[in-house]
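Here's the structure we're looking at; comments come further down.
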Amino acid sequence: MRIALDVPLPRLFDYAVPSGAELACGDRVTVQLGRRNQTGVVIEADITTDVAAARLKSIIDVRGDAPRLPADWLELMRFLSSYYQRPLGETVVGALPPRLRSVKPLPRKPLQLAGEPGASDFVPLHALTAEQARLVDAIGAKLGTFAPVLLHGVTGSGKTEVYLSLIARVLARGAQALVLVPEISLTPQLEARFREAFPRTRLALMHSGLEDVARTSAWLAAARGEASLVLGTRLALLAPLPRLALIVVDEEHDSSFKQQEGLRYSARDAAVYRAKLAGCPVILGSATPSLESWYNFRQGRYQRLELAQRAAAGAQLPVVRTIDLREQARDDGFTPPVLAAIAERLKRGEQSLVFINRRGYAPVLTCEACGWCAACGRCTAHLVLHAADRRLRCHHCGAEEGIRRSCPTCGNVDLKPMGRGTQRVEETLAGRFPGARIVRIDRDSARRRNALVRTLEGLRRGEGDILVGTQLLAKGHDFPQLTFVAVLNADAALLSTDYRSGERLYAVLAQVAGRAGRRRERGEVMIQTRYPDHPLFQALLQHDFARFADSQLDERRRAGFPPYVFEAALRAEATELAHAMAFLSAARTRVEPPEAVRVFDPIPNIITRRAGWERAQLVMQSGSRPALQDYLARLSATLFEEPARSVRWHLDVDPIEFD
Ligand code: ADP
Ligand code: ZN
Ligand code: ZN
């Protein structure tokens with residue numbers, strides 16, 4: 001038997017079958033490796049081994065406590081392992097929930113999920129609009145065949161109802177549906193909506209916030225085919241689903257679908273591969289599709305289906321306009337039109353949302369006398385001032401310290417906060433609108449999840465007049481009484497050198513803007529900027545995503561960026577930058593790239609030091625996916641062969657973060 005084990009090496013291990021045991025690919029087994037017992041998965045059954053008979057150990061235990069891992073699941077793992085350049089053993093074993101990875105047997109009685117296996121009653125919340133119904137029919141006609149669909153629906157267009165109607169068809173056939181969402185723990189109303197739509201269906205919830213037992217139970221229910229509906233974050237893509245007939249990736253543009261450690265897979269891309277394996281449709285849904293998906297649509301690989309209208313009766317897209325910061329006076333960051341708009345909403349008893357992309361009080365604490373700024377000792381980054389608990393915090397590594405009373409360089413006692421974050425905006429608003437109920441929502445206020453969920457529920461009921469928040473607020477929330485959104489300053493992203501920053505800015509602005517006026521009252525959005533004529537804002541004002549996406553694609557094509565080329569990064573971290581750079585330079589010379597692959601010079605990351613590690617990277621590009629894959633395979637084989645001392649390294653295929 002050839003067995004996959006979770007070791008940091010790209011190889012499999014051979015073991016003998018104990019007499020009388022019947023084993024096949026996909027069986028979980030316990031074996032001894034070195035002195036430790038480990039859980040492994042049988043990858044090849046009929047093999048001739050090079051290991052001498054005397055040295056060949058026997059499998060200790062064949063684990064019958066979970067279903068055999070199916071062939072298509074193993075196929076998916078093989079794809080992930082080879083595409084993302086991670087050892088197969090790590091990929092396969094790492095995809096199991098912790099309880100199934102452990103050599104301890106499963107607890108006798110795993111949690112039973114609610115619902116009945118195979119039940120498929122559907123309780124629609126709304127009669128579908130004509131637009132929705134047309135899409136449901138179009139996609140429904142594709143059930144049973146591989147079909148990638150880009151569901152491009154404006155905010156509030158009722159994409160969820162489209163998913164639910166299609167899922168109903170899948171369940172009626174006795175098959176399974178998989179729904180991936182970026183973040184589930186903050187949007188319990190989404191889970192509630194699914195449970196309400198399918199009250200008797202066995203639904204398996206999968207996300208990393210679940211306790212071990214609940215996670216294992218959900219996984220087993222999916223793998224046994226008992227759960228007909230699986231709803232989860234990216235890791236749900238790794239669950240075996242014997243009767244998979246539909247995959248939905250909601251908010252497909254969201255960067256959380258890309259894992260940023262270990263197996264750095266994109267659940268969105270892998271979902272398309274998985275749908276191909278299963279021969280079923282995959283729906284990528286978004287109001288602001290990723291440029292990769294948009295490109296695939298333009299290339300004719302994905303079919304685009306559009307929901308251009310908001311679904312709720314009378315609901316319209318908000319009116320968006322820019323406020324020119326070069327002309328308007330500013331009072332603590334707020335222009336008069338924005339303040340007036342908030343005041344008007346207060347008078348009418350409606351809610352406003354003030355969006356600012358930075359949490360904390362101020363991003364920098366500085367000495368105006370000598371120019372000193374509070375910096376993190378472990379990162380190339382400023383410490384962010386958190387006024388409420390009088391701390392300075394690093395948003396990259398979490399380090400924190402007390403606020404200094406005086407400048408460590410010149411002794412000046414007049415240290416000033418520079419710039420503004422959510423806490424400062426909250427303070428300003430409280431001063432300006434005494435009596436208004438102001439609710440701040442960011443990662444700091446979200447630390448206690450249950451409290452946050454209660455706050456969000458309260459906001460939906462109208463408890464709160466002004467919301468101040470970061471992009472945490474942008475995703476999927478529905479606040480019926482919210483009619484005004486202000487974006488304080490989005491210009492930093494316009495000036496960024498990251499070629500993805502435009503795409504991201506458009507997405508986040510369209511999503512926050514999309515929170516406004518989701519009922520009868522038409523929403524209004526104001527964006528404060530020094531560049532009111534920027535094409536990005538112009539497209540946003542007209543809700544013309546297609547124009548924006550096409551112009552971005554055009555820029556990418558001319559500059560030679562993805563999706564026109566394929567990209568990968570080799571990253572190294574060491575206690576000294578020179579070691580990381582030397583490692584990358586050596587890697588570059590050791591494996592000769594083919595002509596079709598361009599390997600750039602190693603460069604230090606923008607945030608060079610993080611949590612005490614000095615970081616550098618080597619970017620590779622190619623117009624040919626196979627050429628790049630082939631090169632990466634040779635490169636990683638070489639790197640694995642000679643373990644690097646004092647350097648940690650990894651490969652990132654289709655990277656999206658370069659900081
Ligand atoms: P999206 O995810 O596309 O932004 P949602 O699925 O959250 O939109 O739906 C937006 C709002 O429209 C929700 O309040 C939903 O209940 C409502 N809605 C969806 N479909 C319909 C429909 N056919 N008729 C009336 N209201 C609908
Ligand atoms: Zn000073
Ligand atoms: Zn730090």
Side-chain angles (χ1 to χ4, degrees), residues 124-136 151-165 179 181-182 187 189-190 192-194 196-197 248 250-254 283 285-289 305-318 365-384 392-401 404-416 460 474-482 510-520 523 607-615 659:
L125 186 65
H126 303 282
L128 295 180
T129 63
E131 241 190 350
Q132 287 171 323
R134 201 167 50 239
L135 258 65
V136 169
L151 171 41
H152 182 201
V154 297
T155 54
S157 60
K159 292 185 282 295
T160 314
E161 299 303 312
V162 171
Y163 306 149
L164 292 172
S165 293
V179 180
V181 293
T187 48
Q189 77 274 20
L190 182 74
R193 179 73 202 96
F194 273 75
E196 186 184 46
V248 173
D250 190 29
E251 310 291 357
E252 66 93 32
H253 62 279
D254 197 280
I283 305 175
S286 177
T288 52
L305 294 173
E306 191 183 12
L307 290 175
Q309 311 286 326
R310 284 197 160 173
Q316 282 177 290
L317 283 169
L365 182 67
T366 180
C367 164
E368 287 183 337
C370 75
W372 168 89
C373 294
C376 176
R378 308 165 67 215
C379 305
T380 324
H382 291 137
L383 291 172
V384 177
L392 290 168
R393 289 208 178 87
C394 175
H395 285 188
H396 297 279
C397 74
E400 57 173 80
E401 52 188 68
R404 293 169 184 270
R405 281 175 208 293
S406 61
C407 172
T409 336
C410 75
N412 175 14
V413 290
D414 192 18
L415 298 182
K416 291 240 163 62
R460 250 185 300 285
K475 284 181 202 164
H477 301 292
D478 199 7
F479 305 114
Q481 292 158 55
L482 183 82
Q511 298 288 346
V512 268
R515 299 312 109 205
R518 289 165 71 90
R519 295 297 185 273
R520 270 165 304 278
I607 300 167
T608 310
R609 192 170 59 249
R610 192 162 71 191
W613 290 86
E614 301 283 347
R615 310 169 328 133
D659 61 352

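Just so you know, ligand 1 is whichever comes first in the structure, and atom 1 is the first atom listed for that ligand. All values below were derived from every heavy atom in this structure, side-chain atoms included, with hydrogens, water molecules and symmetry-related copies excluded.
The side chain of Gln132, and not its backbone, has at least one atom closer than 4.0 Å to an atom of ligand 1 (non-hydrogen atoms only; side chain from C-beta on).
Neighbours of the Zn ion (ligand 3) restricted to protein N, O or S atoms under 2.8 Å: the count is 4. Protein N, O or S atom count below 2.8 Å of the Zn ion (ligand 2): the structure gives 4.
The distance from atom CG of Asn412 to atom SG of Cys407, rounded to the nearest 0.5 Å, is 6.5 Å. Note that CG of Leu128 and OG of Ser165 are 4.0 Å apart. Values are rounded to the nearest 0.5 Å. The distance from the CD atom of Glu614 to the OG1 atom of Thr380 is 6.5 Å, given to the nearest 0.5 Å. Taken from OG1 in Thr288 to CD in Glu251, the straight-line distance is 7.0 Å, to the nearest 0.5 Å. From Glu400, atom CD reaches atom CG of Leu383 across 10.0 Å, with rounding to the nearest 0.5 Å.
Between the side chain of His477 and the main chain of Arg515, no donor-acceptor pair closer than 3.5 Å is present. The closest donor-acceptor contact from the side chain of Arg378 to the backbone of Ala399 lies at 3.5 Å or more, if one exists at all. Judged by distance alone, with hydrogens and angles left aside, the side-chain atoms of Arg610 form no donor-acceptor pair with the main-chain N or O of Arg615 at under 3.5 Å. Checked by atom type and distance alone, the side chain of Glu131 pairs as donor or acceptor with a backbone atom of Gln309 at under 3.5 Å.
Counting the atoms of ligand 1 from 1 in the order shown, those under 4.0 Å from a heavy atom of Ala127 are 22 (C), 23 (N), 24 (N). Near Thr129, meaning under 4.0 Å from any of its heavy atoms, are these atoms of ligand 1: 23 (N). Near Thr155, meaning under 4.0 Å from one of its heavy atoms, ligand 1 places the atoms 4 (O). Distances below 4.0 Å separate heavy atoms of Leu128 from the following atoms of ligand 1: 23 (N). Under a 4.0 Å criterion applied to the non-hydrogen atoms of Glu161, ligand 1 contributes the atoms 19 (C), 20 (N).
Considering Gly156, Ala311, Ala313 only, the shortest heavy-atom separation from atom 21 (C) of ligand 1 involves Ala311. Distances from atom 12 (O) of ligand 1 to the heavy atoms of Ala312, Pro480, Ala133 put Ala312 nearest. Ranked by closest heavy atom to atom 6 (O) of ligand 1, the top entry among Leu307, Thr160, Leu190, Leu151 is Thr160.
Closest heavy-atom contact between Ala311 and Gln132: CB-NE2, 3.8 Å. Shown here for Thr366 and Trp372, the closest heavy-atom pair between the two residues is OG1-O, 2.9 Å. Lys159 and Gly153 make their closest contact through NZ-O, 2.8 Å (heavy atoms, listed as atom of the first residue, atom of the second, distance). Scanning both residues, Gly411 and Ser406, for their nearest heavy atoms gives O-CB, 3.7 Å.
Within 6.0 Å of the CD atom in Glu368, the count of heavy atoms belonging to other residues, nucleotides or ligands does not exceed 12.
What sits closest to atom 5 (P) of ligand 1 on the protein, heavy atoms only, is Gly158 CA, 3.7 Å. Residue, atom and distance of the protein heavy atom nearest to atom 7 (O) of ligand 1 are Arg518 NH2, 3.4 Å. With respect to atom 14 (O) of ligand 1, the closest heavy atom belonging to the protein is Asp478 OD2, 3.1 Å. At the shortest separation from atom 17 (C) of ligand 1 among protein heavy atoms lies His126 NE2, 3.7 Å.
Defined by atom type and a distance below 3.5 Å, a donor-acceptor pair is present between the side-chain atoms of Arg310 and Thr155.
Electrostatic pairing of Glu161 and Arg193 counts as a salt bridge here, judged by a charged N lying under 4.0 Å from a carboxylate O.
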